[in-house]
Amino acid sequence: QVQLVESGGGLVQAGGSLRVSCVASGRIFSINAMGWYRQGPGKQRELVAAITSGGTTNYADSVKGRFTISRDNAKNTVYLQMNSLKPEDTDVYYCNADVRSSYYGSFANYWGQGTQVTVSS
């Protein structure tokens with residue numbers, strides 16, 4: 001199977017920066033889109049940013065100009081650089097990826113376990 005493991009979350013003051021990473025491992029033939037979502041207590045999980053294998057990116061309006069998503073295809077890793085953080089960015093951040101495990105297989109969607117990002121005011 002495939003595992004997604006996030007790292008890099010933590011506590012930061014408002015206006016600060018943080019970078020979270022997500023490594024995909026396991027039975028991987030190719031990865032299509034990778035992305036970051038976030039979810040707080042009582043809220044729906046929402047898309048923060050996504051990136052295709054070709055590098056096309058998409059951002060939530062609330063993070064445009066502050067967050068940057070990137071990926072290293074050779075390392076099956078996606079990053080989210082978060083700058084000018086605000087208290088309202090506090091959430092659990094989840095990695096997501098569409099992975100194909102064999103040449104003839106179809107893509108399946110996977111989630112990481114989440115990493116907590118807390119921004120203090």
Side-chain angles (χ1 to χ4, degrees):
Q1 285 291 0
V2 174
Q3 298 81 40
L4 302 181
V5 178
E6 301 103 334
S7 62
L11 173 64
V12 64
Q13 287 188 331
S17 298
L18 207 59
R19 189 176 85 154
V20 291
S21 304
C22 171
V23 179
S25 63
R27 194 177 176 194
I28 298 172
F29 177 79
S30 64
I31 302 177
N32 192 5
M34 302 184 81
W36 289 95
Y37 290 71
R38 64 187 182 187
Q39 186 173 23
K43 299 192 299 183
Q44 285 193 330
R45 192 168 295 187
E46 63 176 8
L47 174 69
V48 177
I51 184 169
T52 68
S53 56
T56 300
T57 58
N58 181 41
Y59 295 93
D61 288 341
S62 59
V63 307
K64 283 180 181 177
R66 300 188 299 121
F67 291 11
T68 302
I69 189 170
S70 61
R71 64 190 282 175
D72 185 332
N73 291 330
K75 296 181 179 180
N76 294 331
T77 300
V78 62
Y79 307 95
L80 185 67
Q81 177 67 43
M82 301 180 286
N83 299 328
S84 302
L85 282 160
K86 306 174 182 180
E88 50 264 42
D89 294 318
T90 296
D91 267 329
V92 178
Y93 284 70
Y94 296 91
C95 176
N96 180 268
D98 290 326
V99 180
R100 188 166 60 160
S101 294
S102 65
Y103 181 81
Y104 295 105
S106 58
F107 283 96
N109 190 256
Y110 294 91
W111 291 93
Q113 81 286 351
T115 185
Q116 177 70 47
V117 172
T118 302
V119 184
S120 63
S121 58

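As the structure is a prediction and not an experimental result, all values here were calculated from the model.
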**Message:** Are Asn73 and Asn76 packed together at the side-chain level, in the sense that at least one heavy-atom pair is separated by less than 4.5 angstrom?
**Reply:** no
**Request:** I would like to know whether Val20 and Met82 meet side chain to side chain contact (heavy atoms under 4.5 Å, CB included); could you show each step before the answer?
**Result:** CA-CA 8 Å; Val20 291; Met82 301 180 286; 4.0 Å; yes
**Asked** Can you tell me how far the CZ atom of Arg100 sits from the CG atom of Asp98, to the nearest 0.5 Å?
**Response** 11.5 Å
**Item:** Side chains of Tyr37 and Cys95 in contact at under 4.5 Å (non-hydrogen atoms)
**Value:** no
**Nearest heavy-atom neighbours spanning Met34 and Ile69** = O-CD1, 4.1 Å
**Message:** Under a 3.5 Å threshold, yes or no: a donor from one side chain and an acceptor from the other, between Ser17 and Asn83?
**Reply:** yes
**Message:** With side-chain hydrogen bond (donor to acceptor under 3.5 Å, both in side chains) as the rule and sequence neighbours excluded, what pairs involving residues 51-61 come up?
**Reply:** Asp61-Lys64
**Heavy-atom pair of closest approach, residues Val92 and Gln116** = CG2-OE1, 3.2 Å
**Asked** Do the side chain of Arg45 and the main chain of Gln39 share a donor and acceptor less than 3.5 angstrom apart?
**Response** no
**Item:** Spacing of OG1 belonging to Thr118 relative to CG belonging to Asp89, to within rounding of 0.5 Å
**Value:** 11.0 Å
**Request:** Indicate the atoms forming the closest heavy-atom contact of Ser121 with Ala14, along with that distance.
**Result:** CA-CB, 4.3 Å
**Request:** Give, for atom OH of Tyr94 and atom CG of Leu4, the distance between the pair rounded to the nearest 0.5 Å.
**Result:** 13.0 Å
**Item:** Near-ring test Trp36/Phe67, centroid separation under 6.0 angstrom
**Value:** no
**Fill in**
One should read off an interatomic distance between Arg38 CZ and Leu80 CG, to the nearest 0.5 angstrom, of 9.5 Å
**Prompt:** Would Val23 and Val99 show up in the same hydrophobic cluster when neighbours are defined by side-chain heavy atoms closer than 4.5 Å?
**Reply:** no
**Prompt:** Is it true that a side-chain atom of Asp91 and a backbone atom of Tyr93 form a donor plus acceptor pair closer than 3.5 Å?
**Reply:** no
**Message:** Could you check whether any side-chain N or O of Ser62 sits under 3.5 Å from a backbone N or O of Ala60, counting only pairs where one atom can act as donor and the other as acceptor?
**Reply:** no
**Prompt:** Looking only at atom types and distance, does a side-chain atom of Glu6 sit under 3.5 Å from a main-chain N or O of Ser21, one as donor and one as acceptor?
**Reply:** no
**Request:** Determine whether Val78 and Ile28 fall in the same hydrophobic cluster, where Ile, Leu, Val, Met, Phe, Trp and Tyr are linked whenever their side-chain heavy atoms lie under 4.5 Å apart.
**Result:** yes
**Request:** Spell out, as yes or no, whether a donor-acceptor pair under 3.5 Å connects the side chain of Gln81 to the backbone of Arg19.
**Result:** no
**Request:** State, yes or no, whether a side-chain contact exists between Ile31 and Phe29 at a heavy-atom distance under 4.5 Å.
**Result:** no
**Distance in Å, Thr68 OG1 paired with Ile51 CD1, rounded so as to fall on 0.5 Å steps** = 10.0 Å
**Prompt:** Got a second to check how far Ser84's OG is from Arg66's CZ, nearest 0.5 Å?
**Reply:** 7.0 Å
**Request:** Answer with yes or no whether the hydrophobic clustering places Leu47 together with Trp111; edges join I, L, V, M, F, W, Y residues whose side-chain heavy atoms lie under 4.5 Å apart.
**Result:** yes
**Request:** Would you confirm whether Asn96, through its side chain, and Tyr110, through its main-chain N or O, come within 3.5 Å as a donor-acceptor pair?
**Result:** yes
**Request:** Answer yes or no: is there a side-chain heavy-atom contact under 4.5 Å between Ser120 and Leu11?
**Result:** yes
**Asked** Will you find, in the side chains of Thr90 and Glu88, an N or O donor that is under 3.5 Å from an N or O acceptor?
**Response** no
**Message:** Looking at Arg27, is its backbone amide N or carbonyl O close enough to the side chain of Ser101 to form a donor-acceptor pair, meaning the two atoms are under 3.5 Å apart?
**Reply:** yes
